[in-house]
Trainee: 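Submitted below is the structure of interest, expressed as C-alpha cells.
Throughout, protein chains are lettered first and strands after them, A, B, ... in sequence-line order, and every chain is numbered starting at 1. Computed from a prediction, not measured in an experiment: that's the story for all the values here.
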Amino acid sequence: GIELKNLNFDGEIASYLLNPSESKYDMLNLLNQYSGINTSGIDADDKNGIAALYVQKLDDIKRNMLTEINKHGMNELFEKIEMPLIEVLSSMECLGFKVDAQILHDIGFELSEEIDKLTGEIYDIAGSEFNINSPKQLGVILFEKLNLPVIKKTKTGYSTDAEVLEELSDKHEIVDKIINYRQLVKLKSTYTDGLISCIGKDGRIHSSFNQTVTATGRISSTEPNLQNIPIKMEQGRRIRKAFVPENDEYVIISGDYSQIELRVLAHISQDKSLINSFVNNEDIHRRTASEVFGIPMDEVTPLQRSRAKAVNFGIIYGQSDYGLSKELKISRKEAKSYIDNYFKRYSGVKDYLDSAILDAKDKGYVTTLMNRIRYIPEINSTNKNVKKFGERLAMNTPIQGSAADIIKIAMVKVYSRIKKEKLKSRLILQVHDELIVEAYKNEIDYMKQLIKSEMENAVKLSVPLVVDINVGNNWYEAK
DNA sequence: CAGATCACGCACG
DNA sequence: AACGTACGTGATCGAA
C-alpha cells in the first residue's frame with residue numbers, strides 16, 4: 001500500500017557511486033564531503049542538528065555530487081539505473097517470497113535426527129564428549145588426542161576447515177563424520193531454523209536489499225540473506241522446495257544469465273577468440289580446454305574440461321599459478337603452463353587485464369560498462385601482498401561490476417514493463433545473475449518471453465547475452 | 001557474567 | 001596465496 005513518488009535524487013546512492021568502498025553514507029559524512037562546510041565542530045550524536053543542517057545544505061550537497069557524477073560519466077548510471085532501482089528493490093522487499101514453514105520444519109526435523117546420530121558416533125569414536133561446533137575443542141580432539149597431522153594453522157590455532165578435513169578424511173574414520181556433521185548443522189542453523197524465524201505474519205520472507213554495500217556494484221541481501229540459499233548439494237538444495245508461490249494461481253519463474261562474467265570479459269577485452277566462441281555459441285569450457293591443451297574440441301576429456309573451467313574462473317579473479325595449482329591439486333609448474341597457454345591463445349584477455357592494472361595505477365580507479373567506479377588504493381601499497389591484492393581487484397571489479405550493471409538494467413526494465421502493462425506477475429528476487437518472478441499462471445508464456453528478452457537485451461555487447469528460463473511450482477523446481 | 005566484537009567456518013554468485 | 005557478499009557459533013574481553 002506504499003507508493004514511492006518523485007524519486008530523483010538520493011544522497012546516499014549518489015555518494016555510493018562516487019565512492020562505493022565507503023562503509024557509511026550517513027548525513028554527517030555527506031555534509032563533510034559534499035556540502036563545503038567544516039564539520040569538525042559537529043557533535044556526531046546530535047542527530048536532529050545534523051539532519052537539520054543536512055536539509056539546509058541539501059541543494060549544495062546535491063549540486064556538488066551531481067557535478068562529480070557528471071565528471072565521471074555516471075549520469076546515466078545514476079538517473080536511469082540506480083535511482084529507478086530504488087523502487088524496484090522496495091517493491092521486492094514489500095512483496096517478499098512466500099515460504100512453506102511446514103517444509104522447513106520437516107527438513108529441520110530430519111536434520112536434527114541425523115545430527116543427533118552423528119553426534120553420538122563422533123563422541124564414541126573420540127572417546128569423550130566435546131563441543132563439535134568449537135573449532136578449538138575439535139582441534140584438540142583431532143590433533144592432540146587422535147594425533148592426526150596438522151595441515152595448516154589459523155592465527156589462533158589449528159585449522160579445521162573443510163579443506164583440511166578433506167585431506168584428513170582417509171586418515172581416520174571420525175573425519176567424514178565431522179564433515180557431514182558440519183554440513184547438517186549449517187543447514188539446520190542457518191537455513192531451516194534461521195529462515196523459519198524470518199517468516200512474517202503474511203507467510204512471506206521480506207529480506208532487505210541493500211543498494212550501497214558492495215564495492216563492485218552488486219546488491220546485497222540481509223535479514224535474511226536470500227542470495228545464498230543452498231543449491232550445490234542436493235541435501236541443501238531441497239531447502240528451495242520451501243520457497244513457493246502465493247497460491248495455486250501462481251508459479252515461480254527464474255531467468256538466469258549464462259556465463260555472464262565471461263561474456264562481459266569477451267566484450268570489454270575484445271579478445272577475438274573469446275568473442276568468436278560466444279558468437280558461435282560454443283561450450284566455452286570445452287573450447288578453453290581445446291585451446292589450453294592444444295587438442296581438437298571433440299577430444300577434450302571430462303577432466304580437461306573441468307580443469308579448463310577452473311582456469312576460466314581463475315582468470316576472472318586474477319588467480320596466480322599457485323592458486324590454480326591448489327584448486328586443481330596439480331603442480332605449480334603445470335598450473336603455470338595452463339595459465340601461460342591460456343594467455344597465448346587469448347592474448348586480448350591478457351592485454352585487457354594488464355591495461356586494467358595500468359588504469360588503476362594511473363587514475364587510481366577502474367570502471368565498468370556503465371562507468372561505475374571503484375578506487376583501488378591498494379595497488380600503490382609498498383606491501384607486496386596488498387599490491388597484488390589491488391591488482392586482482394583491478395582485474396575483477398570491471399567484470400563483476402559490469403555484470404551487476406547489466407542485471408540492474410534488466411531489473412528496471414522487467415519491473416517497469418510489469419507495472420506499465422498492469423501484469424499480475426511480480427519480480428521478487430535477484431541473485432546476481434538470476435531474476436526470480438512470481439508469475440500469474442495466465443501470464444506464464446508472456447512472462448517467460450518478457451524476462452528472457454528484457455534480460456538478453458538489457459545492453460548490446462559484442463557477444464550475445466543468453467538467458468535460460470525455468471518454471472516450477474517452487475524455487476527448487478524452477479531450475 | 002552482560003553484550004559487543006573477534007575468529008572461524010561456510011552458504012551463494 | 002582466488003573476486004564479491006551474509007550469518008551462526010564459540011571464545012574473548014572486561015561493563016556495572
Trainee: Looking at CD1 of A:I469 and OG of A:S254, how far apart are the two atoms once the value is rounded to the nearest 0.5 Å?
Mentor: 7.0 Å

Trainee: Give me the residues of residues 121-154 of chain A where at least one heavy atom lies under 4.0 Å from an atom of DNA chain C, by number, or none.
Mentor: A:N131, A:N133, A:S134, A:K136, A:Q137

Trainee: Would you call the rings of A:F143 and A:Y158 parallel, tilted or perpendicular, taking 30° and 60° as the class edges?
Mentor: tilted

Trainee: Write down the distance between CG (A:D161) and P (B:dA7), rounded to a whole number of angstrom.
Mentor: 16 Å

Trainee: OH of A:Y123: more than 12 outside heavy atoms within 6.0 angstrom?
Mentor: yes

Trainee: Let's go through A:E291 and A:R287 carefully: what are the C-alpha distance in whole Å and the side-chain angles of both, what is the deciding distance for salt bridge (charged side-chain N to carboxylate O under 4.0 Å, His left out) to 0.1 Å, and is it a yes or a no?
Mentor: CA-CA 6 Å; A:E291 299 294 342; A:R287 164 57 71 184; 2.9 Å; yes

Trainee: Could A:K344 and A:D340 be called an ion pair, given the rule that one side-chain N must be under 4.0 Å from one carboxylate O?
Mentor: no

Trainee: How far does CD of A:E391 sit from CD of A:E378, to the nearest 0.5 angstrom?
Mentor: 11.5 Å

Trainee: Examine distances only and state if a side-chain atom of A:T154 and a backbone atom of A:S159 form a donor-acceptor pair shorter than 3.5 Å.
Mentor: no

Trainee: Would A:K333 and A:D321 pass as an ion pair if we require N to O under 4.0 Å?
Mentor: no

Trainee: Taking CD in A:E282 as the centre, count heavy atoms belonging to other residues, nucleotides or ligands within less than 6.0 Å. Is the count above 12?
Mentor: yes

Trainee: Let's see if you get this right: which residues in residues 468-475 of chain A place a heavy atom under 4.0 Å from DNA chain C?
Mentor: none

Trainee: Tell me: CD1 of A:I379 to P of C:dC3, nearest whole Å?
Mentor: 13 Å

Trainee: Less than 4.0 angstrom between a side-chain N/O of A:T156 and OP1 or OP2 of C:dA11, yes or no?
Mentor: no

Trainee: So that I know where these two stand, are A:F293 and A:Y338 an aromatic pair - ring centroids less than 6.0 Å apart?
Mentor: yes

Trainee: Using the P atom in both, what is the distance from B:dG3 to C:dT5, to the nearest Å?
Mentor: 31 Å

Trainee: Report which part of the nucleic acid A:I316 touches: base, sugar-phosphate, or nothing (heavy-atom distance under 4.0 Å, all strands).
Mentor: nothing

Trainee: Any base atoms under 4.0 Å from A:A404, or only sugar-phosphate, or nothing? Heavy atoms, all strands.
Mentor: nothing

Trainee: Within this structure, what is the NZ-to-C1' distance between A:K155 and B:dG9, rounded to whole angstrom?
Mentor: 14 Å

Trainee: Might you point out which heavy atoms bring A:L17 and A:R372 nearest each other, and give the distance in Å?
Mentor: CD2-NH1, 3.6 Å

Trainee: I'd like to know whether NZ of A:K117 has more than 12 heavy-atom contacts from other residues, nucleotides or ligands below 6.0 angstrom.
Mentor: no

Trainee: Between A:V467 and A:E456, which heavy-atom pair has the shortest distance, and what is it?
Mentor: N-OE2, 2.8 Å

Trainee: Quickly work out the A:Y257 OH to B:dC12 P distance and round it to whole Å.
Mentor: 23 Å

Trainee: Rounding to an integer number of angstrom, what distance separates C:dA1 and B:dA7 when you compare their P atoms?
Mentor: 16 Å

Trainee: Ignoring hydrogens and angles, tell me if any N or O in the side chain of A:Y257 forms a donor-acceptor pair with the backbone of A:M455 under 3.5 Å.
Mentor: yes

Trainee: Between the protein and nucleotides 1-4 of chain B, are there any N/O to N/O pairs under 3.5 Å, and if so, what are the atom names and distances?
Mentor:
none

Trainee: When you compare the side chains of A:Y16 and A:E12, does any donor N or O come within less than 3.5 Å of an acceptor on the partner?
Mentor: no

Trainee: Let me know the distance between NZ of A:K309 and P of B:dG13, rounded to the nearest Å.
Mentor: 11 Å

Trainee: Scan nucleotides 4-7 of chain C against the protein and return all N/O pairs shorter than 3.5 Å with their distances rounded to 0.1 Å.
Mentor:
from  : atom 1 : to     : atom 2 : distance (Å)
C:dG4 : OP1    : A:R374 : NH1    : 3.4
C:dG4 : OP1    : A:R374 : NH2    : 2.9
C:dG4 : O4'    : A:Q400 : OE1    : 3.3
C:dG4 : O4'    : A:Q400 : NE2    : 3.1
C:dG4 : N3     : A:R218 : NH1    : 3.4
C:dT5 : OP1    : A:A215 : N      : 3.0
C:dA6 : OP1    : A:S220 : OG     : 3.0
C:dA6 : O4'    : A:N225 : ND2    : 2.9
C:dC7 : OP1    : A:E223 : N      : 2.6

Trainee: Enumerate, atom names and distances included, each donor-acceptor pair closer than 3.5 Å involving a side-chain atom of residues 85-108 of chain A, sequence neighbours excluded.
Mentor:
from   : atom 1 : to     : atom 2 : distance (Å)
A:E87  : OE2    : A:Y415 : OH     : 2.7
A:E87  : OE2    : A:K419 : NZ     : 2.6
A:E93  : OE2    : A:F209 : N      : 2.7
A:K98  : NZ     : A:E246 : O      : 2.9
A:D100 : OD1    : A:Q102 : N      : 3.0
A:D100 : OD1    : A:I103 : N      : 3.3
A:Q102 : NE2    : A:D106 : OD1    : 3.0
A:H105 : ND1    : A:A101 : O      : 3.1

Trainee: Take atom CD of A:Q183 and atom P of C:dG8, then tell me their distance rounded to the nearest Å.
Mentor: 19 Å

Trainee: Please work out if A:I229 contacts a base, only the sugar-phosphate, or nothing of the nucleic acid, heavy-atom cut-off 4.0 Å.
Mentor: sugar-phosphate

Trainee: Please, what dot-bracket string fits DNA chain C when only Watson-Crick and G-U pairs with both distances under 3.5 Å count, crossing ones use [ ] and pairs to another strand use |?
Mentor: ..|||.|||||||...

Trainee: Do A:W475 and A:N470 make a side-chain contact, defined as non-hydrogen atoms from C-beta onward lying under 4.5 Å apart?
Mentor: no

Trainee: How long is the line joining CG of A:D405 and P of B:dG13, in whole Å?
Mentor: 20 Å

Trainee: For A:G314, which contact category applies under a 4.0 Å heavy-atom criterion: base, sugar-phosphate, or nothing?
Mentor: base

Trainee: Rounded to whole angstrom units, what separation is found between the CG atom of A:N312 and the P atom of B:dG13?
Mentor: 17 Å

